[in-house]
Amino acid sequence: MLTKSLPNIFTIGNLFLGIIAIILVFNKQPDLAAIMVIIAMLLDGLDGRVARALNVQSEFGKELDSLSDVISFGVAPAFIMYVVAFTELNAATAWIATAAFPICGALRLARFNVIASTPGYFIGLPIPAAGGVLCTLALFHNELNTFVLVLSTLLLSYLMVSTVKYPNFKKMGIPKKAIWITPVVVIIAVVVAIQFPGTLSKMIFVPLLLYALYGLKKNAERLFTKRKRSRKSGDDVKPETPSL
């Protein structure tokens, strides 16, 4: 019974950490709040792999995972950014930018649940990656202009609902014999993260940002190719010579 429930335990742990992150940021501990989101990402990556390794996938687990992701990677990162960077902004701007992120994240998850994606790819930036970028980006609020942070929040929101293809690493599974190691990995990750909250968060920001920028690069290439084809097709159409 416990074995079958293990993936859902990871998912509930993901949700729990998202709620803790919200509490921490309102208690003026944004570094630790960002770490909670990062650890939630680890749990989110494990639940599906463990379920597949144990062959206990279910619709209940899928829906629970989506609901947890909205909180941990949508609401929590948005609140972290709001509290550390947006409170001094015009209220309308701050509220719209903050609300747009979890709303787009929810739309991204709903689309993921009902539309089959291309094998090996996600359609749109996955919400865990977007949330990870946003909560770690918030830690640079003293170094970056607030306008840049607002623009980044809206850009990440757009990338989640875009049709840009992102590499899917879910095929990298966990051998069934190694399942027992996963709780140990989580415990070690929690201990290390709590010991070095700010430094670790900023280190993790770099690979997450590169993953998000990959989509921008692909989008730019797609637009460039589309324009090039449009121009080429226009050049191929020769004007008719008027008859005398």
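Heads up: numbering here begins at 1 and tracks the sequence.
Asn27 places no side-chain N or O within donor-acceptor distance of the main-chain N or O of Gln29, the cut-off being under 3.5 Å. With hydrogens and angles ignored, the 3.5 Å screen pairs no side-chain donor or acceptor of Asp44 with any backbone N or O of Ala40. Distance alone, capped at 3.5 Å, is enough to place a donor-acceptor pair between the Thr136 side chain and the Val133 backbone. Looking at Arg111, its side chain does come within 3.5 Å of a backbone N or O of Ile123 through a donor-acceptor pair.
For the residue pair Ile80 and Cys135, the shortest heavy atom distance occurs at CD1-CB, 3.8 Å. Closest approach of Val150 and Ala97 over heavy atoms only: CG1-CB, 4.2 Å. Contact detail for Phe73 and Pro128: the closest heavy-atom pair is CG-CA, 3.7 Å. Heavy atoms only, all atoms of each residue included: Leu139 and Ala34 are closest at CD1-CB, 4.0 Å.
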- Before giving the answer on side chain to side chain contact (heavy atoms under 4.5 Å, CB included), spell out for Leu144 and Leu137 the whole-Å C-alpha distance, their side-chain angles and the decisive distance to 0.1 Å. CA-CA 9 Å; Leu144 297 173; Leu137 180 65; 3.6 Å; yes
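Of the inter-residue distances, the one linking Met41 atom CE with Asp69 atom CG reads 10.0 Å to the nearest 0.5 angstrom. Once rounded to the nearest 0.5 Å, the distance linking CG of Leu155 with CE of Met160 reads 10.5 Å.
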Could you pull out every donor-acceptor pair under 3.5 Å between side chains of residues 85-92 and any protein atom, sequence neighbours left out?
from: Asn90; atom 1: OD1; to: Ala92; atom 2: N; distance (Å): 3.0
from: Asn90; atom 1: OD1; to: Thr93; atom 2: N; distance (Å): 3.2

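By the neighbour-count criterion of 12 heavy atoms within 6.0 Å, atom CZ of Phe79 is sparsely surrounded, having that number or fewer from other residues, nucleotides or ligands.
Grouping Ile, Leu, Val, Met, Phe, Trp and Tyr by side-chain contacts under 4.5 Å, direct or through others, puts Ile12 with Phe60, Leu64.
Under 3.5 Å, the side chains of Ser68 and Asn14 contain no donor-acceptor pair of N or O atoms.
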